[in-house]
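For reference, the structure is listed below as structure tokens.
Residue numbers start from 1 in every chain, and the chains themselves are labelled A, B, ... in the order their sequence lines are given, proteins ahead of strands. Keep in mind that the numbers below use all heavy atoms, side chains included, and drop hydrogens, waters and symmetry copies.
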Amino acid sequence: MNGTRATLAIARRDLRPSSLIAIGARILLGVLLASYDLEVVAPILVYAYCILAATAAGLEIRVRDLTYFTAPLYGRQLARAHALTATCVAVAAPLTIVCVAFVRHAAWPWPNVVATFASASVVALVALSGTLRQGAAAAGYAALSLAAGGFIVMLAQSGLPTYSWFALAALLGFLALRAFGETLARYDPLD
Amino acid sequence: MNVVLRVSEARFVRDGCELVAPFSIALGAGERATIIQPNDKAAKIAARIAAAIVKPTCGSVVVGDFEARVQPAQAKRLVGFVAACGFAGGTRNLEREVRFRADVWDLDAATLRRNAEIVCAALEPLATTAYARAVALALAPDVAAIVLEQPPPGIADVLVSLRPRAALLSTCTALPALDGPAFSSPVRETVR
């Protein structure tokens with residue numbers, strides 16, 4: 001089986017027209033934030049926006065589509081494909097802000113850039129598990145993803161060496177992806 | 001005859017409530033059967049268990065040589081599953097869906113498109129467009145077993161002519177003889 005072909009096909013399918021509109025809205029808002037130099041004046045607002053946008057990116061993927069479960073794929077393969085879409089959508093907002101800041105000759109310090117991208121990716125991966133739950137459990141995953149993103153940014157801002165919080169972010173991302181794969185493999189689409 | 005699809009004592013329990021009581025069935029190539037369940041939900045779940053989409057709480061499902069719990073990807077590759085709701089998309093969406101399946105199943109898109117067109121044309125007089133499209137998508141890859149979730153009457157006969165070597169399993173909530181036959185020819189029935 002050609003895993004890459006399947007992964008890209010699922011990622012393309014995940015990007016429905018409504019997702020593209022959402023990405024466009026994030027990019028637009030990112031341009032606005034960067035245009036007012038908010039990343040310099042109130043960086044906490046920019047971080048909060050990036051984390052919220054990443055949570056939405058993880059939660060909006062429609063992973064319960066029956067077609068995915070009839071496909072000859074393992075849970076981990078499906079999880080990787082959905083994660084690719086979620087992380088790409090999640091980094092749209094920070095990427096826009098960083099690019100606009102760079103173009104306006106107000107480039108961010110690179111640890112801040114790495115922290116924003118890392119937290120957005122981890123947040124999206126944690127939020128993905130919420131898509132297979134309902135009610136309080138789904139809300140719990142949304143809260144967990146926000147907390148994970150906030151924690152990574154907080155560590156980055158506290159002056160710890162970059163490798164320490166980046167390693168933690170990588171570990172959290174790996175564990176979140178693994179947990180999502182396990183959940184997908186066990187999920188029974190009854191609706 | 002080699003068994004293509006075997007369900008052994010499959011039972012489904014959710015939140016302490018038994019939604020599907022244990023059922024067993026074994027189908028060889030070209031054989032067909034109907035599983036009769038007491039309600040729509042049970043019929044839906046039983047079909048999905050047989051198609052290796054839902055994992056039974058206990059019991060096993062084997063498609064070809066693959067145990068669905070251990071090798072779900074290989075088992076699903078051999079099964080064409082048709083949901084009762086059909087495919088709710090237009091012609092453009094169908095084309096997109098065929099391309100998606102070609103990529104995920106790792107098959108040639110042109111062959112899949114041709115297969116889907118043949119199935120759609122054969123089913124046109126019998127089923128709604130949505131159902132015909134769902135069947136066309138399920139049968140586009142070369143499958144060894146076809147599982148139909150509560151199909152409309154007469155569909156199975158057409159599928160037998162289209163895929164004579166495939167095992168055909170359907171679920172329903174009433175005896176086919178009493179409430180419009182899912183199969184017009186003799187079938188093996190599994191009644192709980």
Quick one: does any side-chain atom of A/R5 pair with a main-chain N or O of B/A102 as donor and acceptor, under 3.5 Å? yes
Region of B/I53 in contact with chain A, defined by heavy-atom distances below 4.5 Å: both
Quick check on B/R99 against chain A: is it the side chain, the backbone, both or neither that has a heavy atom closer than 4.5 Å? neither
List the atom of B/A84, the atom of B/Y131, and the distance in Å for their closest heavy-atom pair. O-CD1, 3.9 Å
Should the pair A/R13 and B/F100 be classed as cation-pi, given the thresholds of under 6.0 Å to the six-membered ring centre and 45° from the axis? yes
Do B/F66 and B/V147 land in one hydrophobic cluster if side-chain heavy atoms of ILVMFWY residues count as linked below 4.5 Å? yes
Which bit of B/K44 is near chain A, if near means a heavy-atom gap under 4.5 Å: side chain, backbone, both or neither? side chain
Can you tell which part of A/L8 gets under 4.5 Å to a heavy atom of chain B, answering side chain, backbone, both or neither? neither
Which atoms of B/A52 are under 4.5 Å from chain A, going by heavy atoms: the side chain, the backbone, both sets, or neither? neither
Pick one of side chain, backbone, both or neither for A/L190, based on which atoms fall under 4.5 Å of a heavy atom in chain B. both
Residue pair A/Y74 / B/Q74, side-chain donor-acceptor N/O under 3.5 Å: yes
Ion pair check, B/R101 and B/E97, cut-off under 4.0 Å: yes
Tell me, for A/A81 versus chain B, whether the close heavy atoms (under 4.5 Å) come from the side chain, the backbone, both or neither. neither
Relative to chain A, which of B/L107, B/I49, B/L78 shows the most heavy atom pairs under 4.5 Å? B/L107
